[in-house]
Amino acid sequence: MDTQKEALQRIIATLANKNDEIQNFIDTLNHRLKGVQANSAKVLSELDEEFDSLYSLLDEMKESMTNSIKQEQAHKMQALQNQLTQCTNALENSEELLEFASRTMDIKEPEEFTKAARQIKDRVTMAAAFRLSLKPKTSDNMTHLMVDFSQERQMIQTLKFLPVPKAPEIDLTDCIVADNCVSVAWRMPDEDNKIDHYVMEYRKTHYDGLPRVKDERCWEQIDHIKATEYTLSGLKFDSKYMNFRVRACNKAVAGEYSDPVTLETKALTFAFDSMSSHLNLKVEDSYIEWDPTGGKSQENKVKGKENKGSGHVTLLRNNIRSGTPSPKRTSVTARPAMMRGSRDRFTGESYTVLGDTTIESGQHYWEVKAQKDCKSYSVGISYKSIGKFDQLGKTNTSWCLHVNNWLQAAFAAKHNNKAKALEMPVPDRIGIYCDFDGGQLSFYNANTKQLLYSFKSKFTQPIVPGFMVSIKLSFFFFFSKSQSGF
């Protein structure tokens with residue numbers, strides 16, 4: 001009966017989730033339908049405006065060219081009319097002089113004839129008819145003002161909608177969520193050298209999966225991004241997820257948005273698990289003290305701070321991530337303090353303490369910084385089932401880097417009681433990256449981003465961060481800078 005109830009409860013939960021998913025999709029479709037209607041009306045209005053502007057420009061050009069033709073016509077007609085008037089007057093004067101000369105030929109009196117002939121000669125010398133140019137001042141040709149708009153007509157016939165950039169593709173393998181920063185990377189499906197910039201929109205949400213139309217938060221926009229990546233910094237991860245989408249813009253128009261992605265922003269935070277520590281380690285959430293009497297004295301503190309962003313998580317940006325949920329935080333921090341006699345998770349020479357957070361999937365990163373007088377320590381991971389006498393790196397259930405600055409300096413990667421000496425200086429801060437699903441554990445110089453060593457293994461059980469102090473008086477800080485899988 002109980003088994004059937006549990007099975008039915010799972011079915012009910014599955015159906016409820018599916019119904020919620022379908023309802024969100026229905027809301028999305030309704031939103032898209034309204035968007036198509038609104039955007040269609042908008043582009044139709046813009047089309048009318050563009051054609052009205054084109055008609056107006058053509059009318060202006062027609063009026064200007066018509067005026068040029070009329071001005072040329074008036075100029076030529078005025079020049080020819082002036083020349084015609086001059087020639088008409090000259091012809092009248094010449095005809096009058098011709099008639100006078102003809103009459104003079106009939107004069108019989110020599111003296112009178114001589115006088116008339118002298119007058120005719122003087123008038124001919126001064127006659128306008130002999131000073132006129134008998135070439136028209138302008139032609140009647142108007143071909144220089146003819147037009148041929150065949151090429152322009154062809155251009156108009158090629159009018160089409162603007163070339164719109166394709167939607168970018170957000171590359172989840174290069175997206176990083178850590179330290180109240182989110183780095184989003186994308187690429188274009190095809191090369192497009194006309195892209196001027198990108199626009200990224202984001203919003204915080206409490207829902208996983210596809211963005212919801214009826215989400216309570218509005219999209220915020222980052223414009224004029226020139227690169228194909230952008231880092232939002234100074235965020236407050238007060239929501240569990242963030243939605244992102246990107247679109248490309250050329251000089252004229254913005255393209256389609258990319259498929260939206262949802263990134264998980266709830267960082268993995270962990271503290272030292274006081275229930276798992278050796279009796280000679282006094283442990284609280286954020287520090288460890290060496291206690292040789294098992295709680296009766298204190299020396300040399302180990303302090304830690306969680307999620308302090310120093311910006312070095314970007315060294316892991318190229319590692320593959322998968323869509324996995326956040327690890328579950330164990331309940332050890334809620335446990336009451338226990339008497340030293342009842343705490344025996346580690347004993348003997350295993351001066352070990354584990355983190356209080358179980359990692360079952362995803363990709364995670366944290367850093368360890370040893371104080372200057374820390375002589376010997378190990379940092380890494382282990383299965384929760386590690387034995388009470390086991391030391392990190394000496395069993396097949398733990399992996400670590402071991403640092404020894406006591407009598408003889410040593411720096412080595414350890415697993416299953418095998419050590420690989422590392423011929424490099426020990427960095428003052430070690431970054432630890434764990435890809436649970438990919439079976440990878442890598443150690444980095446957190447300052448220079450240099451890879452120190454990498455283990456490949458198939459993790460078959462949940463794992464936890466592990467820390468071991470091998471020499472009394474050792475202590476260290478840890479900075480948890482975890483990336484949840486997404």
Side-chain angles (χ1 to χ4, degrees), residues 23-69 147-171 182 184-205 207 209-230 232 242-262:
Q23 183 60 55
N24 181 48
F25 186 62
I26 290 173
D27 293 340
T28 300
L29 292 178
N30 287 327
H31 182 73
R32 289 286 176 89
L33 284 171
K34 293 179 181 178
V36 168
Q37 186 176 6
N39 292 331
S40 296
K42 179 181 178 181
V43 295
L44 282 173
S45 176
E46 291 178 352
L47 182 66
D48 287 339
E49 290 180 3
E50 287 295 324
F51 270 98
D52 288 343
S53 176
L54 185 59
Y55 296 150
S56 177
L57 179 60
L58 289 173
D59 288 339
E60 291 177 3
M61 293 183 65
K62 179 181 178 181
E63 182 179 359
S64 175
M65 297 178 79
T66 299
N67 289 336
S68 296
I69 293 174
V147 295
D148 179 9
F149 290 147
S150 57
Q151 184 176 358
E152 285 74 11
R153 279 194 294 271
Q154 290 178 358
M155 291 178 62
I156 291 176
Q157 289 171 351
T158 61
L159 288 177
K160 55 186 178 181
F161 298 108
L162 288 171
V164 179
K166 293 184 178 180
E169 298 172 352
I170 295 180
D171 191 351
V182 178
V184 181
W186 59 89
R187 60 174 177 268
M188 295 300 296
D190 300 309
E191 185 177 353
D192 188 347
N193 56 12
K194 294 184 178 180
I195 292 177
D196 179 67
H197 65 277
Y198 298 91
V199 176
M200 183 177 75
E201 291 190 347
Y202 67 96
R203 68 180 179 186
K204 297 177 181 180
T205 180
Y207 301 103
L210 294 175
R212 299 185 174 228
V213 175
K214 296 183 178 180
D215 200 292
E216 67 276 9
R217 303 187 188 231
C218 297
W219 290 99
E220 298 184 58
Q221 188 179 92
I222 304 294
D223 202 352
H224 300 292
I225 301 172
K226 293 296 185 178
T228 56
E229 61 180 355
Y230 191 83
L232 283 169
M242 289 186 72
N243 303 143
F244 292 89
R245 62 185 185 182
V246 181
R247 63 176 172 177
C249 305
N250 54 30
K251 292 289 187 180
V253 68
E256 290 280 348
Y257 280 106
S258 65
D259 290 335
V261 298
T262 300

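Sequence positions, counted from 1, serve as the residue numbers for this chain. No experiment lies behind these values; they were computed from the predicted model shown.
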Would Val184 and Val261 satisfy side-chain contact (heavy atoms from CB on, under 4.5 Å), going step by step from the backbone distance to the final call? CA-CA 10 Å; Val184 181; Val261 298; 5.7 Å; no
Test side-chain contact (heavy atoms from CB on, under 4.5 Å) applied to Phe244 and Val182, step by step: CA-CA 10 Å; Phe244 292 89; Val182 178; 3.4 Å; yes
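Within 6.0 Å of NE2 in His197 there are more than 12 heavy atoms belonging to other residues, nucleotides or ligands. Annotation: Gln221, atom CD; neighbour count of heavy atoms from other residues, nucleotides and ligands within 6.0 Å is above 12.
One distance of note links NZ of Lys204 with CG of Asn243; it measures 12.5 Å at 0.5 Å rounding. Separating the CZ atom in Arg203 from the OG1 atom in Thr262 is a distance of 8.5 Å, to the nearest 0.5 Å. One finds the CD atom of Glu152 at 7.5 Å from the CG atom of Asp148 (value rounded to the nearest 0.5 Å). In this structure, NE2 in His224 is found 14.5 Å from OH in Tyr198, a value given to the nearest 0.5 Å.
Contact record, Pro165 with Ala254: CD-C, 4.4 Å, taken as the closest heavy-atom pair. In plain terms, the two heavy atoms of Ala248 and Ile195 that are nearest each other are CB-CD1, 3.8 Å. Across all non-hydrogen atoms, the minimal contact from Met200 to Trp186 is SD-CZ3, 4.2 Å. Across every non-hydrogen atom of Met188 and Lys166, the tightest pair is CE-O, 3.2 Å. In terms of heavy-atom proximity, Val199 sits nearest to Cys249 at CG2-SG, 3.8 Å. For the pair Arg245 and Ile170, the tightest heavy-atom approach, listed with the atom from each and the gap, is CA-CD1, 4.1 Å.
Contact check for Val246 versus Ile225: no side-chain heavy atoms found under the 4.5 Å cut-off. Counting heavy atoms from C-beta outward, Phe149 and Ile156 have side chains that stay 4.5 Å or more apart.
Gln23 and Asp27 share a side-chain donor-acceptor pair at under 3.5 Å.
Under the 3.5 Å distance criterion, the side-chain polar atoms of Thr228 are left unmatched by any main-chain donor or acceptor of Arg187.
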Result block: side-chain N/O donor-acceptor pairs under 3.5 angstrom for residues 33-62, not counting sequence neighbours:
unit_1 : atom_1 : unit_2 : atom_2 : d
Asn39  : ND2    : Gly35  : O      : 3.0
Ser40  : OG     : Val36  : O      : 2.6

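Listed by first and then second residue, the salt bridge (Lys or Arg N to Asp or Glu O under 4.0 Å) pairs involving residues 248-260 are Asp196-Lys251 (not counting sequence neighbours).
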